[in-house]
2 protein chains.
Amino acid sequence: MTALPSGLLGVLDATSDRAVFRQIADQLREAIGKGHFAEGAKLPSESELVGHYGVSRMTVRNALSVLQGEGLVHSEHGKGVFVRPRPPVRRLASDRFARHHRDQGKSAFTVEAEAAGSHSQVDNLQVREERPSADVSARLGSPLRVLVRHRRYLLDGRPVEFATSYLPLDIAKGTPIAAPNPGPGGIYARLEELGHRLERFEEEVRARMPTPPEAKTLRLAPGVPVIRLVRTAYDTKGRAVEVCDTVMAADAYVLAYELPAQ
Amino acid sequence: MTALPSGLLGVLDATSDRAVFRQIADQLREAIGKGHFAEGAKLPSESELVGHYGVSRMTVRNALSVLQGEGLVHSEHGKGVFVRPRPPVRRLASDRFARHHRDQGKSAFTVEAEAAGSHSQVDNLQVREERPSADVSARLGSPLRVLVRHRRYLLDGRPVEFATSYLPLDIAKGTPIAAPNPGPGGIYARLEELGHRLERFEEEVRARMPTPPEAKTLRLAPGVPVIRLVRTAYDTKGRAVEVCDTVMAADAYVLAYELPAQ
DNA sequence: AAGTGGTCTAGACCACAAT
DNA sequence: TTGTGGTCTAGACCACTTC
């Protein structure tokens, strides 16, 4: 239990109604906000905080867990508690599926990653057929069976999103879409070659906390939500030809959309 | 300490590496997922769980705090811990700012709420002038000063979002836009009357955990993220005439966008 | 008054990391 | 070996809700 750099943290207000662990969390949050602890910097250890505030260890841990829940800090076993660096965010532009971004022999994800000087990977590739869920079925016009394509995307080694695509089997069966690697331009390019010229996409955006499997797949730190994006692609005949259900690490993305005023 | 309805919860695996509080959280999560505890239903009390599992109270509380962090349950002092009901979500369509939705004498928020049979309110109305932040300044083309309009929106009494609009002072000063109530159709209608015919909007969508003031303003339960939406409005001359920074309760919204394939 | 969750203590032993 | 965070115990007192 070494001494704490003086001045960074204050003292408790015994007359306050605010719980002690909240006061400690408030002071740490404020110190981080003021830059007294930079991104990636180590906070005082639990025993240092115990010594500084004169409280029990559980109280200190309670305070730290508040900050962890806010996504402000993360702990590393045996090392300490650190201010969470904000990772670089990937900006998804609303024209990312425009045709002219497609005819380049690579997937949209890869093209964009390389343009940003990042290394991209795709893993967990799975292709199968199944009966659609009620939600997917409704979006696709009630096909009996669908082709399911699942994959995970990594940027510079970090998993940032995973996605599952659903396509009516009568469209996709026996085509390159059903192959593990659908070829240059991805499945949208293949769909157009098959005569399904794409006209528009609908996207639905939600945010929530991850389920434990999602947190594991995306290696999410506590306090990081996920963005759920469900995209439906329509061809020029107005038929829904694909539904893509994506779960993204919210700290890795900003979605950009352009809306005409009409 | 009363007995627990048998069969709903299992026993601990002492040979498992998984921490006891995680095993308890897993079992509760699974029971909720299977519908053994419906939305809004009360979980066994802490002392019941202590009795059932034969662990200390802190271990049970640790397990419950895991579920709370996931947004699965919420606790009410003196009453119990309950499965969080998922509130009705408001669907924001991408044409919500289209002109034909504007000329009806009411704000977009009010119109949409009434169409859904909900009661809407706006409060915390504040209008002031200030120097723009670096971010707002960059988006608006570096005006010296901006008009700032802040307000909070409630649906059926529940706060669901708050928003801050920034407009270049040379556009807004001395106009109805600077009044607390800008009149029918909102500030977009007033902007068009002032000769700034709107052409397009850009929206940026992010998600993260709320700061404590945000959680207070939106009365967010633990484990509920916020969606941050920054919208920039451009007139037909290509000038940015407004930036609107919105923070929304993520459990109350789904954002819908339409993208042309081009 | 009884039951509930909220806060806090003062320990204990463990697993992981740095030295 | 030392310091760190991870887990767990067995209490205590408090505030809120319900009866």
Side-chain angles (χ1 to χ4, degrees), chain A residues 1-5 12-26 28 37 40-69 72-84 212 215 221-223, chain B residues 1-5 12-26 28 37 40-69 72-84 212 215 221-223:
Chain A
M1 186 204 307
T2 58
L4 208 56
L12 299 177
D13 177 2
T15 72
S16 169
D17 278 348
R18 195 154 176 80
V20 172
F21 77 91
R22 288 190 204 283
Q23 292 187 45
I24 297 175
D26 291 344
L28 287 168
F37 300 103
K42 183 180 171 303
L43 293 190
S45 74
E46 292 179 355
S47 60
E48 283 172 331
L49 292 170
V50 164
H52 177 81
Y53 287 112
V55 297
S56 78
R57 188 173 163 224
M58 284 309 295
T59 302
V60 163
R61 283 182 61 78
N62 208 343
L64 290 171
S65 83
V66 169
L67 302 181
Q68 189 150 325
L72 251 187
V73 306
H74 70 107
S75 60
E76 296 182 31
H77 196 169
K79 296 211 269 188
V81 178
F82 302 85
V83 179
R84 265 240 331 259
Chain B
M1 182 201 309
T2 57
L4 208 57
L12 298 177
D13 176 1
T15 73
S16 169
D17 279 347
R18 195 154 177 82
V20 171
F21 77 90
R22 288 189 204 284
Q23 293 186 46
I24 296 175
D26 291 344
L28 287 168
F37 300 102
K42 182 179 172 304
L43 293 190
S45 74
E46 293 179 356
S47 60
E48 284 172 332
L49 292 170
V50 163
H52 178 81
Y53 288 111
V55 296
S56 78
R57 186 172 165 223
M58 283 310 295
T59 301
V60 163
R61 282 182 62 78
N62 208 344
L64 290 171
S65 82
V66 168
L67 301 182
Q68 188 150 326
L72 251 186
V73 306
H74 70 108
S75 60
E76 295 181 33
H77 196 169
K79 298 212 265 188
V81 177
F82 301 85
V83 179
R84 259 227 347 224

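Note on naming: letters A, B, ... go to the chains in the order of the sequence lines (proteins, then strands), and numbering restarts at 1 for each one. These numbers come from the heavy atoms of this one structure, side chains and all, not from hydrogens, waters or symmetry mates.
- With values rounded to the nearest 0.5 angstrom, B:R22 atom CZ is found 14.5 Å from B:L12 atom CG.
- For A:Q68 (side chain) and A:P222 (main-chain N/O), no donor-acceptor pair under 3.5 Å exists by modelled atom type.
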Problem set entry | Full working for side chain to side chain contact (heavy atoms under 4.5 Å, CB included) between A:R61 and A:R57 | CA-CA 6 Å; A:R61 283 182 61 78; A:R57 188 173 163 224; 4.0 Å; yes
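- Residue contacts shown for A:R18 are absent, as no nucleic acid heavy atom lies under 4.0 Å away.
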At a cut-off of 3.5 Å, list every protein nitrogen or oxygen paired with a nitrogen or oxygen from nucleotides 15-19 of chain C, distance to 0.1 Å.
{"residue": "C:dA15", "atom": "N3", "partner": "A:H77", "partner atom": "NE2", "Å": "2.8"}

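- Rounded to an integer number of Å, the gap from NE2 of B:H74 to C1' of C:dT4 is 14 Å.
- Rounded to whole Å, the distance from CZ on A:F82 to P on D:dT4 is 11 Å.
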Exercise. B:L28 and B:L64: side chain to side chain contact (heavy atoms under 4.5 Å, CB included), yes or no, with the steps?
Worked result: CA-CA 9 Å; B:L28 287 168; B:L64 290 171; 3.9 Å; yes
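- Summary of the strand contacts: B:S56 and A:R57 both lie near DNA chain D, and taking for each the nucleotide with the nearest heavy atom, the more 5' one is attributed to A:R57.
- In this entry the distance linking CG of A:L49 with C1' of D:dG5 reads 12 Å, nearest Å.
- Between B:N62 atom CG and C:dG6 atom P there is a gap of 13 Å when expressed in whole angstrom units.
- Atom CD in A:E48 sits roughly 11 Å away from atom P in D:dG3 (whole-Å rounding).
- Here the nucleotide nearest the side chain of A:A19, chosen from D:dT7, D:dG5, C:dC8, is C:dC8.
- Note: CD (B:Q68) to P (C:dG5) measures 11 Å, nearest angstrom.
- If you take CG on A:L43 and OG on A:S75, they are separated by 10.5 Å, rounding to the nearest 0.5 Å.
- Taking only side-chain atoms of A:S47, from C-beta outward, the nucleotide of D:dT4, C:dG6, D:dG6 with the closest atom is D:dT4.
- If you check C:dA10, D:dG6, C:dT7 against the side chain of A:M58, the one that comes closest is C:dA10.
- Side chain of B:E46 to backbone of B:V60: no donor-acceptor contact under 3.5 angstrom is found.
- The distance from atom CD of A:E46 to atom C1' of C:dC14 is 14 Å, rounded to the nearest whole Å.
- Proximity note for B:T59 (side chain, C-beta onward) versus D:dG6, C:dG6, D:dT9: the nearest is D:dT9.
- Across all non-hydrogen atoms, the minimal contact from B:Q23 to B:R18 is NE2-O, 2.9 Å.
- Look at A:S45 and you'll find a side-chain N or O under 4.0 angstrom from OP1 or OP2 of D:dT4.
- Computed from coordinates, the A:R61 CZ to C:dG11 C1' distance equals 15 Å when rounded to whole Å.
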